[in-house]
Amino acid sequence: MAHRCGVSVATVSRVFNTPEVVSQQTRQLVLDMAAEIGYLPNESARTLATKKSNMVGLVWDTDHRRPGWRHPFLQDILVALKSALSAQGLHLLMLAPDQSAGPAGRQRFLRAVQRHNVDGVVIIDNGSRDPAVLALADAGVPCVALDLRFTGPTCTYVTSDNRGGGRLAAAHLIDRGHRRIATITGPPDTWPAAERLAGFRAVLADAGRSLDDADVVAGDWYLDSGHTAMRRLLARDPRPTAVFAAGDEMAVGAMRALHEAGLRVPEDIAIVGFDDIEVAALIPPGLTTVAQDKTGIGTAAAEAMVAMLQGTVTPEPTALPTTLIVRGSA
């Protein structure tokens, strides 16, 4: 390549790595020749030379025993994240630590990350609980977590105003005149589920209402758990007239249980969800839900990562607002 252009190997390298130091004429000569012969720079060599891979690791628990990889809410965030990183010349590399493999598995994971020389890591789902991921943060690798309070000198997080969203759901049901209100929460040990429940409880308390323990049933964000939780709530006497499901998939499962019981939505029981996934607008009578800005979350995570890679300041955590979308279910 260098010989055919009549320039040194170092000049070719500078054209692809630091083009601003090469004259426009020489730069164009090298680029034209590269296009003619189909030349591509060696990424491994570039990484060794610059100490940067332009690659961001994505820690996402893809264990086949857990359904997290298929949740439409997370998929929408991933698309936005990938698009925003790509616009900055950054690529995503899937990283999947095996949480059941013990110390040996964690060491294999760390070696794999080091081998690929990722510039930073985005953490989705439960990745921050894995000691291997914590070791990355301890080593100073820039980390951005989604819906996880993951902080440190080179760590930040992006989330929604989950507590505010829970307040929106409760206020809407109270405004509709409901007094017997129950809720299907996400997993109690997750931060978003705890925040949504806290906001929901706060508004009920302000209105002089309270939630009995039997009116709070935990789900796991997915369809079947919403179906099971609603069947439990239907066994209550008296049964609730309204239910806040802290995730849209659980809300859809709850609506299926109501249909099977011969009950109507919202005439017999009103339903409010959370997320505003695509199916929320499609399932009759239309799911009233608290919308998260899925594109905004993915974009904000990418921007936080780019800010850390380009500078020395770790961005403050970001909490994006939620909005209530009123449809036919409540």
Side-chain angles (χ1 to χ4, degrees), residues 1-60 74-96 109-124 136-137 139-146 153-156 158 293-316 318 320:
M1 171 74 176
H3 176 73
R4 296 184 66 169
C5 292
V7 299
S8 67
V9 173
T11 297
V12 172
S13 176
R14 283 192 287 271
V15 167
F16 289 101
N17 292 302
T18 54
E20 66 278 2
V21 303
V22 183
S23 70
Q24 182 177 355
Q25 181 179 0
T26 301
R27 187 165 65 241
Q28 194 61 52
L29 172 66
V30 171
L31 292 176
D32 289 345
M33 181 59 69
E36 180 181 332
I37 67 176
Y39 170 82
L40 292 173
N42 186 302
E43 290 298 330
S44 296
R46 175 184 288 182
T47 297
L48 287 172
T50 65
K51 305 300 182 184
K52 290 186 177 296
S53 64
N54 290 330
M55 195 171 294
V56 173
L58 175 67
V59 177
W60 190 354
L74 294 178
Q75 290 176 4
D76 289 344
I77 288 177
L78 179 58
V79 170
L81 172 68
K82 180 180 182 298
S83 297
L85 289 176
S86 295
Q88 298 295 324
L90 298 169
H91 312 287
L92 275 178
L93 173 69
M94 179 72 77
L95 303 172
F109 171 72
L110 288 172
R111 284 197 297 270
V113 172
Q114 292 164 352
R115 194 162 55 243
H116 289 291
N117 199 31
V118 296
D119 298 331
V121 171
V122 175
I123 305 155
I124 297 180
L136 285 178
V141 176
C143 297
V144 179
L146 302 184
T154 59
C155 303
T156 191
V158 177
D293 183 357
K294 298 177 285 294
T295 298
I297 292 171
T299 301
E303 290 174 347
M305 177 59 66
V306 171
M308 283 193 284
L309 296 181
Q310 292 181 346
T312 58
V313 177
T314 300
E316 291 295 319
T318 299
L320 298 178

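Small disclaimer: the values here were computed from a predicted structure and weren't measured.
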Checklist entry - For the side chain of Asn54 and the backbone of Leu90, is there at least one donor-acceptor N/O pair under 3.5 Å apart? => result no

Next on the checklist: Determine whether Ile124 and Val59 satisfy the following criterion, side chain to side chain contact (heavy atoms under 4.5 Å, CB included), listing intermediate values before the conclusion.
Outcome noted: CA-CA 6 Å; Ile124 297 180; Val59 177; over 6 Å; no

Item to check | Any Pro142 side-chain heavy atom under 4.5 Å of Asp119 side chain | outcome: no

Next on the checklist: Once side-chain contact (heavy atoms from CB on, under 4.5 Å) is applied, do any residues pair with Thr295, and if so which ones, sequence neighbours excluded?
Outcome noted: Ala80, Asp293, Thr299

Item to check | Sub-4.5 Å side-chain heavy-atom contact between Leu85 and His91 | outcome: no

Checklist entry - Can you name the nearest heavy-atom pair linking Ile297 to Ile77, along with the distance? => result CG2-CD1, 3.8 Å

Checklist entry - Residues two or more places apart in sequence or in another chain: which of them pass side-chain contact (heavy atoms from CB on, under 4.5 Å) with Thr314? => result Thr156, Met308

Item to check | Pairing residues for Ala301 by the side-chain contact (heavy atoms from CB on, under 4.5 Å) criterion, not counting sequence neighbours | outcome: Leu81, Val144, Leu146, Val158

Checklist outcome for this item: Heavy-atom closest pair (Pro315 atom, Ala304 atom, distance to 0.1 Å) is CG-O, 3.8 Å

Item to check | CA sep, side-chain torsions, deciding dist, call: Gln310, Gln88, side chain to side chain contact (heavy atoms under 4.5 Å, CB included) | outcome: CA-CA 11 Å; Gln310 292 181 346; Gln88 298 295 324; 4.2 Å; yes

Checklist entry - Checking side chain to side chain contact (heavy atoms under 4.5 Å, CB included) for the pair Ile123/Cys143: CA distance, chi angles, key distance, verdict? => result CA-CA 7 Å; Ile123 305 155; Cys143 297; 4.2 Å; yes

Checklist entry - Looking at Leu58, Val118, Val121, Val56, which hits side-chain contact (heavy atoms from CB on, under 4.5 Å) with Leu93? => result Val118

